[in-house]
Protein chains: 2
Amino acid sequence: MTPTPAVDPADLLRLDKQICFSLHAATRAFNGVYRVLLKDLGLTYPQYLVMMVLWEHGELPVKRLGEHLRLDSGTLSPLLKRLEAAGLVRRERSTRDERSVEVRLTEEGQALHERALEVPRRIATVTGFDLDELRDLRSRLDRLTTALDEAALEETPGCR
Amino acid sequence: MTPTPAVDPADLLRLDKQICFSLHAATRAFNGVYRVLLKDLGLTYPQYLVMMVLWEHGELPVKRLGEHLRLDSGTLSPLLKRLEAAGLVRRERSTRDERSVEVRLTEEGQALHERALEVPRRIATVTGFDLDELRDLRSRLDRLTTALDEAALEETPGCR
DNA sequence: CACAATTCAATTGTGCACAACTCAATGGCG
DNA sequence: CGCCATTGAGTTGTGCACAATTGAATTGTG
């Protein structure tokens, strides 16, 4: 098999801790900055992610939305209800397939797009990020995610 | 000021979406893999992070724990109660400063350390990660977090 | 056509993140 | 010493993540 390198398990645990912390911390730091910027728009961070998908695709069933965001109905259903209560989206049972629910932007939801264009500009300004570096970080994270997803599949108990 | 590059705001929003998604997705993918591995130990991912700090420091007040993890008492108090209910830690009011609560490992909590050494090894094995690349990713994430934190300070409404 | 398996959204229950708040202990300062 | 601002933990309320379950609609198969 793999020629296991001579790494002290305790060091590995320490490194593991550092990775976990870093990712955890980065996510929450991201969240915190967005929280402030999104307050003006009346959106939470996950709601912002949902709206971005809708701004791009206009209208789509909950299922597709979930695929884009890696979220299931348990998370999306209440979130979408709140967006509907805020007047940003409407939810309608599909007439073609009554199991499915179509989510579409209201005019108000559409209009929010204009104001949302400000957000990434302010993020970029405020953090002084280099665009290329961000792209690079993104691709690394994506590779990480892919590797983890594949690992998760093999790791699932009882899947052999 | 900064010589603003000619970037279409819509492209920026798209890139923003990608970064947000990637970070969000990576965190959740990480979480998912750990969830499976930690099930054996009876820990959630955040509980694992808390235990790692305790394994390293042995005993410390809730306040210090929160500083290590960037978490406040609102998150830690109930989490620590669950760890106490599981018999892994004990919480005792400090006699020196009765505002503060010391968190220390029980023998059972100490013993779990041995089994926890397995976790990062299995993560490393299962994902086939290169240690150097992980270290590199970690430093990038840390720089991101630092930049975001500084940005958050300047961005806080009413701080000028 | 009828029935079983699948698909999709919603609900329930647990746990985490965080803001806002309470309350007691502490520490300074006049 | 007495008062008051600060500190530390805990509580409450809102929202997200996810597993497990429910129930209705649809699809596949005999």
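Chain letters run A, B, ... following the sequence lines, proteins first, then strands; residues in each count from 1.
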Gap between atom CE of B/Met51 and atom CG of B/Leu88 - 0.5 Å precision: 4.5 Å
Do side-chain atoms of A/Arg104 reach the backbone of A/Glu59 as a donor and acceptor pair under 3.5 angstrom? no
Protein-nucleotide distance (A/Leu43, atom CG; D/dG15, atom P), rounded to Å: 13 Å
To the nearest Å, how far apart are A/Leu38 CG and C/dA19 P? 14 Å
With sequence neighbours excluded, tell me which residues meet side-chain hydrogen bond (donor to acceptor under 3.5 Å, both in side chains) with B/Tyr48. A/Asp16
Paired with C/dA10 by Watson-Crick or G-U wobble geometry, both distances under 3.5 Å: which nucleotide is it? D/dT21
Among C/dC18, D/dA19, C/dG15, the one nearest B/Asp72 by side-chain distance: C/dC18
According to the salt bridge (Lys or Arg N to Asp or Glu O under 4.0 Å) rule, which pairs have a member within residues 34-54 of chain B, sequence neighbours left out? B/Asp40-B/Arg122
Scan nucleotides 3-11 of chain D nucleotide by nucleotide, 5' to 3', and note B when protein non-hydrogen atoms come under 4.0 Å of the base, S if they reach only the sugar-phosphate, - if neither. ----BSBBB
Check A/Glu84 with A/Lys81, please: is the shortest side-chain N to carboxylate O separation under 4.0 Å? no
In whole angstroms, the gap separating P of D/dT14 from NZ of A/Lys39 amounts to 15 Å
Give the rounded distance in Å between these two atoms: CG of B/Leu79 and C1' of C/dC18. 14 Å
Can we say B/Glu118 and B/Arg115 salt-bridge, meaning some charged N sits less than 4.0 Å from an Asp/Glu carboxylate O? no
Scan residues 56-91 of chain B for pairs that pass ring-ring contact (aromatic ring centres under 6.0 Å, His included), counting only residues two or more places apart or in two chains. B/His57-B/His68
By a strict heavy-atom criterion of less than 4.0 Å, which residues belonging to residues 46-55 of chain B are in contact with DNA chain C? B/Pro46, B/Gln47
Quickly work out the A/Leu65 CG to D/dA17 P distance and round it to whole Å. 12 Å
What integer distance in Å separates A/Arg35:CZ from D/dT14:P? 16 Å
Carefully, step by step, assess B/Arg138 and B/Asp142 under the rule side chain to side chain contact (heavy atoms under 4.5 Å, CB included). CA-CA 6 Å; B/Arg138 182 173 71 78; B/Asp142 288 345; 3.3 Å; yes
Restricting to pairs with a member in residues 92-111 of chain A, which pass ring-ring contact (aromatic ring centres under 6.0 Å, His included), not counting sequence neighbours? none
Rounded to the nearest Å, what distance is computed from the NE2 atom of residue A/His24 to the C1' atom of nucleotide C/dA17? 8 Å
